[in-house]
Structure formats: structure tokens, C-alpha cells
Amino acid sequence: MALPELLNKAKTFGQEKLFNFYEELTDEQKKILLTDVQNIDFNLMQDLFKNLTNTKEETAETEIAPIPCTDATSMCEEERKRLYDKGLQVLGEGKMAALTMAGGQGTRLGHTGPKGTYDIGLPSHKSLFEIQCCGLKEVSAQAGCKVQWYIMTSHINHKDTVEFFEKNNYFDYGKENITFFPQTMIPAMDRDGNILLENKYTVLKSPNGNGGLFASLKNAGLFEKMRDKGISRIFICGIDNCLVKMADPLFLGFLEDSGHKAVAKSFIKRTADEKAGVFCRRGGKPTVIEYTEIPLELAELKDDAGVWVYGDTNVLNYIFDIDVAESLAEVGMSYHIAVKKLNCADFATGETVVIPNGYKFELFLFDAFSQLDSLGVFRIERKEEFAPVKNPTGVDSAESAREMYMAIHKEEN
């Protein structure tokens, strides 16, 4: 669109401040601003701001029920081997890709750069990216086929991530086996509903949350490219769990055996009030209910074996059938609002200022489950597969993750 058309559109939605500095911009800067504004879904942003004052609460009539679970921790070795071999066969046929969500920075860890480049302090000094790549090398060797690896970045770390892999020769996994793609971005707003500027010519945007994964894949044209490679399954995980079993054949075998089109790993919560979402069925649909939402009597409910009835915690580790994943790209999931301190351009001067209570908008991947008729839940042992790196010290830190990793991977000792 040309300037007059875009300016009129912005005015229609009360967002003409985006053009406050247009006349003083260079031709290149004008081009950047016009492209940014053209990519804004003004109707969506208007609706998101209107909904800020609407509190959405589940009604008491919405039934919460337990969700069936397959407990891998109590599975006999014969059954584990059967499922593992079934998954390994599918991997050997090149039918599953691995996807890592790695759009964040390591700021909370005191690290400058993409979180995936963080060294958790192993003797080998492997980064989180290299740890995951080593997992893929191992399972690929077993399957006799390189598992294609897709890495979702963000605008803040895409360039640095790609350069990190280039510098490290793609960890000898092969450049042709790794695909980087950027996460879809969404503008930020202030408390008055103004879409913010990062500087005089750039709209302030942030990643649209892990729930934007499917739309980001579609926008990058990757569903079609995956199918061209014969891929029909997508293993999904985050970057910060250093014990994740990449493209886990046992997990894949469970999917193939279950008849489900999507499966998720879980582990049992430690306490009734552990701050984690748990799997259940709500209104007959699979979902994850946050610990703040579940009634106390349900949170404390145990079965005859003394196990929490609502205790299967969301691990952020899934496998989706590719057709289901693509269909979810078209689903209008609800955005969640995060109130954040934001650095942005002052609309009067263009200078960088800090607003204490700006709005960012995120989609959560687990909201997609309510669009499914069924979900397979695969219960694992926490200490064997879950060591998140979120804090510099203490709980869920590089220290604790390193200790757990070395307890399993003896070669690092």
C-alpha cells in the first residue's frame, strides 16, 4: 500500500501516531515503517485492546474431568521395546521431524545472546543447542536416517542463531538437515491502546508466543516442504530442557500405537499446589488447566494408589500429526495478555522511554489442545527427562540442570 492509503487506515483505527516522524525519515526508513504498518492486523489489535477489560472466566457448569494417561514409568521392558522399535522404524523412514522453539534470549541467565547458545557449565562446554543436536545424532544413528531439525527463532535472535550454527559447522549434523524459521511477531501496545514504536521508523513487536508455532510454520511455507520430504509427524520441544529426548522413538511409538493425532509428555506434580498446568478434560475436550484455576478439592484429589488424579504436568514436549498441526495454524486461538515494562519511542520526541505497564500478547500452545477430539498423555519420569534452565542459580537453574544431566550422561563426568 502507498502512504496515503496506509495513513488513512491507521487513522481509522486511531493509530496515526505511528506516522509522527515520517517526514524526517530517510527513504530506507520510510520503507521499513510502511512495511511494518502494512503488516499490522488493525482489527485484531483493536479487538485485543477491547478485550483487556473483559475478564474471561470458565463457568461452573464447564465440567472438569481426568484425562486418560499411559504411564511409561511402569511399563514392562518388553512393551517399551515394542513401542521403541515401532517409533524407530517410522524415524528410519524419515517420517518425523524435530522442532525446537528457540526464540528467546538468555537474559535471565546473565547471558547475552540466544538462549540456545548458553553453556550450562558441562566439562565439554556444550551449549543447549549442541546438547539437543547430540541427541538427534544419537537417534539418527539408531534409525539409519538423519532426522530433519527445524528451529524456530525470533527477530531478536535469528541472525545470531544462524551465525552460531555456521561458526560451529552445524555441529557436524549437516547444514542440509537444519532449517531456521522466524516466529510470527505481534505489535505491543500501551495502556491507552496505542500501538507502540520501537524507534521513529519501526513498530515495536514481540514474538506471539509458542502457540504461534503453527502459524509461523505456515507463514514460512514449511508444511508443504515437510510433506515434500515425506514428513508426516512433528516432534516439538523447547530449547531450555537439557534432558529432552529429541525425536524420542518410544514417544513416537506411543503415538503410532495409540490412534491419537497428537500426544504430550507429562510427569506427576510434586505437590498439590505445584505451580504448573496439568492435563485434564474440560467440557469433554483435552486441555491444560493452570494451577490457579483448578479447584482445591480437585488439586488435592488422589486415586486408590495415592497418585494425584489431576497431577499430569505439562512438559512442553509433543508430537503432532502434520495435518493436525497445519489445521491448527488456521484456528483463531485466544491471545493472553502480559503486562510488561517496555522500551519504546516517545511519540512526541522519538527518544527511547520506558513505560512500566505496556501490553504484550501471546498465544499458548496448550490452548490448541481444546481444538482436538483426543490427546494421548504419556507419563515419564521427571528426573530422567526434565531439567529446565531458567535461572542462574537455585531451582530450575543451570546448576541444577547440569547436576541432573551429568547424573545421566556419565561421559560428562
Colleague: Is the shortest distance from a Lys or Arg side-chain nitrogen in Lys265 or Glu385 to a carboxylate oxygen in the other one below 4.0 Å?
Modeller: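 Salt bridge present between Lys265 and Glu385.
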Colleague: Measure up the Tyr359 and Phe361 rings against each other and bin them: parallel (under 30°), tilted (30 to 60°), perpendicular (over 60°).
Modeller: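 Taking Phe361 first and then Tyr359, their aromatic rings sit tilted (interplane angle of 30° to 60°).
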Colleague: Under a 3.5 Å threshold, yes or no: a donor from one side chain and an acceptor from the other, between Asn219 and Thr184?
Modeller: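 On atom types as modelled, these side chains qualify, holding a pair under 3.5 Å.
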Colleague: Would you check if there is a donor-acceptor pair between the side chains of Gln132 and Thr100 at a distance under 3.5 Å?
Modeller: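 The answer is yes; a qualifying pair exists.
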Colleague: Is the closest basic N to carboxylate O distance between Asp312 and Arg379 below 4.0 Å?
Modeller: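 Looking at Arg379 together with Asp312, the answer is yes, because their closest N to O distance falls below 4.0 Å.
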Colleague: Between Asn157 and Thr153 (side chain of the first, backbone of the second, donor and acceptor by atom type, cut-off under 3.5 Å), is there such a pair?
Modeller: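 Such a contact is absent between Asn157 side chain and Thr153 backbone.
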Colleague: Does Lys146 make a cation-pi contact with Tyr173 (under 6.0 Å, within 45 degrees of the axis)?
Modeller: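 Satisfied, under 6.0 Å and within 45°.
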Colleague: To the nearest 0.5 Å, what is the distance between CE (Met45) and CG (Asn194)?
Modeller: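 Result: 11.0 Å between the selected atoms.
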Colleague: Can a donor-acceptor pair be found between the side chains of Tyr84 and Gln142 at a distance below 3.5 Å?
Modeller: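 Yes, a side-chain donor-acceptor pair sits under 3.5 Å.
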Colleague: Going by atom types alone, do His111 and Asp119 pair a side-chain donor with an acceptor below 3.5 Å?
Modeller: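 The criterion, which ignores hydrogens and geometry beyond distance, is not satisfied for Asp119 and His111.
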Colleague: With under 30° as parallel and over 60° as perpendicular, where do the rings of Trp149 and Phe129 fit, or are they tilted in between?
Modeller: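 The rings of Trp149 and Phe129 stand perpendicular, inter-plane angle above 60°.
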Colleague: Among side-chain atoms of Gln105 and Lys115, is any donor-acceptor pair under 3.5 angstrom?
Modeller: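 Not at all, the side chains of Gln105 and Lys115 share no donor-acceptor pair under 3.5 Å.
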Colleague: May I ask you to decide if the ring planes of Phe235 and Phe251 are parallel, tilted or perpendicular, using 30° and 60° as cut-offs?
Modeller: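 Perpendicular, since the angle between the ring planes exceeds 60°.
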Colleague: Can you see whether Asn391 engages Ser397 through a side-chain donor-acceptor pair at a distance of less than 3.5 angstrom?
Modeller: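 Their side chains do not contain a donor-acceptor pair, so the 3.5 Å distance test is not met.
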Colleague: Are Asn39 and Asp36 close enough that a side-chain donor and a side-chain acceptor fall under 3.5 Å?
Modeller: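 Their side chains do not contain a donor-acceptor pair, so the 3.5 Å distance test is not met.
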Colleague: Knowing that exactly one of Phe366, Phe369, Phe214 qualifies, which makes a ring pair (Phe, Tyr, Trp, His ring centres under 6.0 Å) with Tyr318?
Modeller: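 Checked Phe366, Phe369, Phe214 against Tyr318; only one passes ring pair (Phe, Tyr, Trp, His ring centres under 6.0 Å): Phe369.
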